[in-house]
Student: 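Handing you a structure now.
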Amino acid sequence: MGGTKILTKDIGTPNLQQIDVYIGKGGYASVQKALKTMSPDAVVDEVKKSGLRGRGGAGFPTGMKWSFIDKTPGKPHYLVCNADESEPGTFKDRYLMAENPHVLIEGMITASYALGANLSYIYVRGELMYVVRILQKAIDEARAKGFLGKNILGSGFDLDLHVTCGAGAYICGEETALIESLEGKRGNPRIKPPFPAIAGLWGMPTVVNNVESIAAVPWIVVNGGEEYAKLGVGKSTGTKLISASGHINKPGVYEIELGVPVEEFIYSDEYCGGIWKNRKLKAVVAGGSSVPILPAHLITKTVAGESRLMTYESLSDGGFATGTMLGSGGFIVYDETACIVQNTWNFARFYHHESCGQCSPCREGTGWMERVLHNIENGHGKQSDIDLLVDVAKKIEGNTICPLGDAAAWPVAAAIRHFRDEFEWHINHPAEATKPGAVYKEAVLA
Amino acid sequence: MAEATEKIQFSPEAMELVQKQIAKFPEGKHKSALLSILHIAQAELGGWLSPEVMDYVATILKIEPIEVYEVATFYSQYYTEPVGKYVFEVCHTGPCHLRGSDEIIAYMERKLGIKKGETTPDGMFTIKGVECLAACGSAPMMQCGLHYHEHLTEESVDKLLDDFKKENKISRPFPN
Ligand SMILES: Cc1cc2nc3c(=O)[nH]c(=O)nc-3n(C[C@H](O)[C@H](O)[C@H](O)COP(=O)(O)O)c2cc1C
Ligand code: SF4
Ligand code: FES
C-alpha cells in the first residue's frame, strides 16, 4: 500500500530534526559509503543509473547535468541547492526541509563530493526564515559530528556548507537569477549560454539542483541507482513529492511512486481524499501555476482514452493541445464553483508582479494580459480581448531571456484553449458574471 | 546627514550576526552577504530600510550605496517605507484564493478599519497582500514576522489580533 517512501519514510519520528535521531534511522550512511568506498565518478554513475530527473520543474536528468560540469583543475566548483520554492501551488521543499532537514544536508555532502565541490550553499527563499534556522542548526550538528569541514571521515575531502537566504522574489528560483542573488545582486536572469556548469557562481562551474533532487541522492547512493530505477514507470523513475492544494478534502504533501493514476491520486483516501463538500471536479493545474490547466475530462484520461498517470510522460501526453506537465508537482484542484477567468487573472497578476523587467515582451506582455483579464473578470471585456490575449501570449512565448515569460504565457493560453466558452460568457453576460459568487454553469465536470 | 548616519549602528549582538553572514563567503565575495545583512538591518534598525540605514549597510560591506538601493528595491520583503509594528502578509495567490484568502483579507480590513496596503493610524498593524508563500496546502495563510499562520479563520484572526495587542510578540525574520 502506498508504494515505497524514500524522502518521507521517517517523517513523524519524534525529533527527526536532531542528528542523533536521524543517524539512528540510518542517516548519513551515504556519506560514509561514498567518501570511504567510492570515487566521485562512481557516485555520479549511480545517480545516472537511477534515472533521477530534476525535481525543480524542468525534469532534466540529474546525473547528466552533473557530468556537464567543467572539470578544469584549479577552478573551484560549487554546488548550490535551490530552495527558493516560490511556484504557486508548490510547498513540498518547505515541508521536507522543516521535517527532515538532515536528508538535505546529507544529500548536499554526498553530491558535493561527487562534483568535487568544496564549498556549497543552500539558498532558501527569504520568507522561510524559520527553515533557514532549522537548516543552520542541522549544519552545525553535522559539522560537530565531523561530516563537514576538513578531511571528512579521514577521506581527504573538505567541504564547507552554508545556508543563505533570498528576500522575496519568485524569479530567484530561476537558476541564473538565483546565482545573481547569491552574489548579492538583483535577481536578473543571465543570458545562457554560458550555462552555470561552465560559468556560474562568481564565474565558476556550478551545479544548481532542487531540494528534492538532492534529497534523493542519499537513498540512491546507499541502495544503488538500479534499485531507484526499479521504482516508477519508464523514464519517470523513483518517487516524487506532490503538493496537493485547492478544493480537495486533504490538502498536503504526498510522496508517490511515479505512475500512480491521476484519478487515484485525486479520489483515494490515501492522497487528496476526493473533492471537498461533495462537489464535482472542474479542472486541475498539475505541476505548479506555470503548467497548462486541464479540464476534468482531460486530466484523468488522455485523448486516446487511456488512464493518465502521475509521470512526466503521461501528463504531457497530447502536448499542449490536450496535455500538461508534471512540473514541480504543484497539484491544484478546482471544483465546480471555481471561476477560470478569475483564476487566470490571479496568475497573470502574479507573473506581472514577478517579472524582473529585463525583457520587454515579458515586462509589457504580463502587464497587458493582467489588465485585459481584469477587465473581462470585472464585466468590461470585449469579444476581441480573447484573441488579443492569445496573441500577446504567443508573442511572449520563446522571446525572452528566461522561461518566466513562457510560464506567464502558458496558463493564459491554456485557459482560453480549454475554457473559451467561459471567457465568452463573462464578456457577453457581464451583469450576470459579476454577481458575487456567480459561476459559469455549462462547464463540463467530472 | 552625517549626524543621522552616526546614530545608526548595529548592536554588538547584531554585528556578530552580520559578521557571521559575511564569513559564509570567500575572501572578496562579501557582497554576497548583502541580502542577509539587509534582513538584519530591517529587524534591528527600525523595522524598515531608510536611506540612512542602507547607507550604513553600504559602509559595512564597503560597497557603493547604489548597490544596496538596487537590491533593497528589488525584493518584496524589504520595506523602503515605514510599516506597522506588525505586518500581516496575507497570501492572495491562486491556491490561497481558492480557500478563501479574499474573505480573510476583507475580514481583517473590517476589523482594523484599513485597506490592504495600509497601516492603522496607531502604527500597530499593516495589511499587505503577498504572493504564494509555499504553504498552499494550509490555505488561507499569512506570514507575520518569523511566523507562518496557517488555516486562517475569522476566529483565529481575532485571537491573533488580541494576542498581538496584549503582549509584545514581535519576531522579525533574519538568518542566524
Ligand atoms: C521563473 C522560474 C522559477 C523557478 N523556480 C524554481 C524554484 O523555486 N525551485 C527550483 O528548484 N527550481 C526552480 N526553477 C528551475 C530552476 O531554474 C532549475 O532548473 C532547477 O533549480 C534545477 O534543479 P533540478 O535539476 O534539480 O530540478 C525555476 C525556473 C524558472 C524559470
Ligand atoms: S522573461 Fe521576464 S523574468 Fe525572465 S529575464 Fe525576461 S523580464 Fe525577466
Ligand atoms: S498560494 Fe498561498 S501559500 Fe501558496
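Any value given below was found using the heavy atoms of this structure, including those in side chains, with hydrogens, waters and symmetry copies removed. Below, chain A is the first sequence line, B the second, and so on; all start at residue 1.
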Student: Can you find a side-chain donor-acceptor pair between A:Tyr121 and B:Ser32 that sits under 3.5 Å?
Tutor: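 No, B:Ser32 and A:Tyr121 have no side-chain donor paired with an acceptor closer than 3.5 Å.
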Student: Go through the atoms of B:Tyr148 and report whether side chain, backbone, both or neither lie under 4.5 Å from a heavy atom of chain A.
Tutor: side chain
Student: Sequence neighbours left out, what passes salt bridge (Lys or Arg N to Asp or Glu O under 4.0 Å) with A:Lys280? Give chain and number order.
Tutor: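 With sequence neighbours excluded, A:Lys280 shows a salt bridge (Lys or Arg N to Asp or Glu O under 4.0 Å) to no residue whatsoever.
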Student: Should B:His97 and A:Phe347 count as side-chain neighbours, where that means a heavy-atom distance under 4.5 Å?
Tutor: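 In short, these two side chains do not touch, never coming nearer than 4.5 Å.
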Student: Can you tell me which portion of A:His247 sits under 4.5 Å from chain B's heavy atoms? Options are side chain, backbone, both or neither.
Tutor: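 The answer is both parts of A:His247.
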Student: Calculate, to the nearest 0.5 Å, the distance between atoms CD and OG belonging to B:Glu131 and A:Ser289 respectively.
Tutor: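 Going from CD on B:Glu131 over to OG on A:Ser289, the span is 9.5 Å.
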Student: Does B:Lys24 reach the main-chain N or O of A:Val163 with its side chain, forming a donor-acceptor pair under 3.5 Å?
Tutor: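 It does hold such a pair.
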Student: First locate atom CD1 of A:Ile171, then atom OH of B:Tyr75, and finally report the distance between them rounded to the nearest 0.5 Å.
Tutor: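 Reported value, rounded in 0.5 Å steps: 10.5 Å.
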Student: How far does CZ of A:Phe91 sit from CE of B:Met141, to the nearest 0.5 angstrom?
Tutor: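 A:Phe91 atom CZ to B:Met141 atom CE measures 11.0 Å (nearest 0.5 Å).
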Student: Given side chain to side chain contact (heavy atoms under 4.5 Å, CB included), test A:Ser181 with B:Leu35 step by step and report yes or no.
Tutor: CA-CA 8 Å; A:Ser181 183; B:Leu35 274 71; 3.4 Å; yes
Student: Taking NZ, NE, NH1 and NH2 as the nitrogens, is one of them in A:Arg94 or B:Glu150 under 4.0 Å from a carboxylate oxygen of the other?
Tutor: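 So A:Arg94 pairs with B:Glu150 through a salt bridge.
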Student: Measure distances from A:Trp345 to the heavy atoms of chain B and classify the residue's part below 4.5 Å as side chain, backbone, both or neither.
Tutor: neither
Student: Using non-hydrogen atoms and a 4.5 Å limit, figure out which bit of A:Val333 sits close to chain B: side chain, backbone, both or neither.
Tutor: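 Only the backbone of A:Val333 comes within 4.5 Å of chain B.
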Student: Name the region of B:Ser171, side chain, backbone, both or neither, that has any atom closer than 4.5 Å to a heavy atom of chain A.
Tutor: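 Contact with chain A is absent: no heavy atom of B:Ser171 under 4.5 Å.
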Student: Checking side chain to side chain contact (heavy atoms under 4.5 Å, CB included) for the pair B:Thr93/A:Tyr170: CA distance, chi angles, key distance, verdict?
Tutor: CA-CA 12 Å; B:Thr93 312; A:Tyr170 166 64; over 6 Å; no
Student: Which answer fits A:Cys339, side chain, backbone, both or neither, if we ask what part of it has an atom under 4.5 Å from a heavy atom of chain B?
Tutor: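 Neither part.
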Student: I want to check something: taking the side chain as every heavy atom from C-beta on, are A:Val132 and B:Phe174 in contact at a cut-off of under 4.5 Å?
Tutor: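 With C-beta onward as the side chain, the pair stays apart.
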Student: Using modelled atom types and a 3.5 Å cut-off, is there a donor and acceptor pairing between side-chain atoms of B:His147 and backbone atoms of A:Tyr130?
Tutor: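 Not a single qualifying donor-acceptor pair exists.
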Student: Between A:Thr337 and chain B, with a heavy-atom cut-off of 4.5 Å, which part of the residue counts as in contact: side chain, backbone, both or neither?
Tutor: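 It is neither, since no heavy atom gets under 4.5 Å.
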Student: Using atom types as modelled and distance alone, determine if a side-chain donor or acceptor of A:Asn346 lies under 3.5 Å from a backbone N or O of B:Gly94.
Tutor: yes
Student: Within this structure, what is the SG-CD distance for the pair B:Cys132 and A:Glu354, rounded to the nearest 0.5 Å?
Tutor: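 B:Cys132 SG to A:Glu354 CD: 10.0 Å, rounded to 0.5 Å.
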Student: Sort B:Glu70 into side chain, backbone, both or neither according to what part of it lies under 4.5 angstrom from a heavy atom of chain A.
Tutor: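 The answer is both parts of B:Glu70.
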Student: Please look at A:Leu182 and chain B and tell me whether the side chain, the backbone, both or neither of the residue comes under 4.5 angstrom of a heavy atom of that chain.
Tutor: both
Student: I'd like to know if the side chain of B:Gln143 and the backbone of A:Glu127 have a donor-acceptor N/O pair within less than 3.5 Å.
Tutor: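 Present.
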Student: So what's closer than 4.5 Å to chain A heavy atoms on B:Ala135: side chain, backbone, both or neither?
Tutor: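 Interface part for B:Ala135: both.
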Student: Is it the backbone or the side chain of A:Glu87 that comes under 4.5 Å from a heavy atom of chain B, or both, or neither?
Tutor: backbone
Student: Between A:Leu161 and chain B, with a heavy-atom cut-off of 4.5 Å, which part of the residue counts as in contact: side chain, backbone, both or neither?
Tutor: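 Neither the backbone nor the side chain of A:Leu161 comes within 4.5 Å of chain B.
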Student: Between A:Glu183 and B:Lys29, is there a side-chain heavy-atom distance shorter than 4.5 Å?
Tutor: no
Student: Within the supplied structure, the quantity of interest is the number of heavy atoms (other residues, nucleotides, ligands) at a distance under 6.0 Å from B:Glu167 CD; does it exceed 12?
Tutor: yes
Student: Between A:Arg186 and chain B, which part of the residue has a heavy atom less than 4.5 Å away: side chain, backbone, both or neither?
Tutor: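 It is both, since atoms from each part get that close.
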Student: Any chance you could measure A:Asp335, atom CG, to B:Leu98, atom CG, to the nearest 0.5 Å?
Tutor: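 Interatomic distance, A:Asp335 CG to B:Leu98 CG, rounded to 0.5 Å: 8.0 Å.
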Student: Using a 4.5 angstrom heavy-atom cutoff, name the option from B:Ser138, B:Ser36, B:Pro26 with the most pairs to chain A.
Tutor: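 So the answer, after comparing B:Ser138, B:Ser36, B:Pro26, is B:Pro26.
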Student: Check whether A:Thr90 gets within reach of chain B through its side chain, its backbone, both or neither, counting any heavy atom under 4.5 Å.
Tutor: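 Contact with chain B involves the backbone of A:Thr90 alone.
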Student: Heavy-atom distances under 4.5 Å only: say whether B:His92 touches chain A with side chain, backbone, both or neither.
Tutor: both
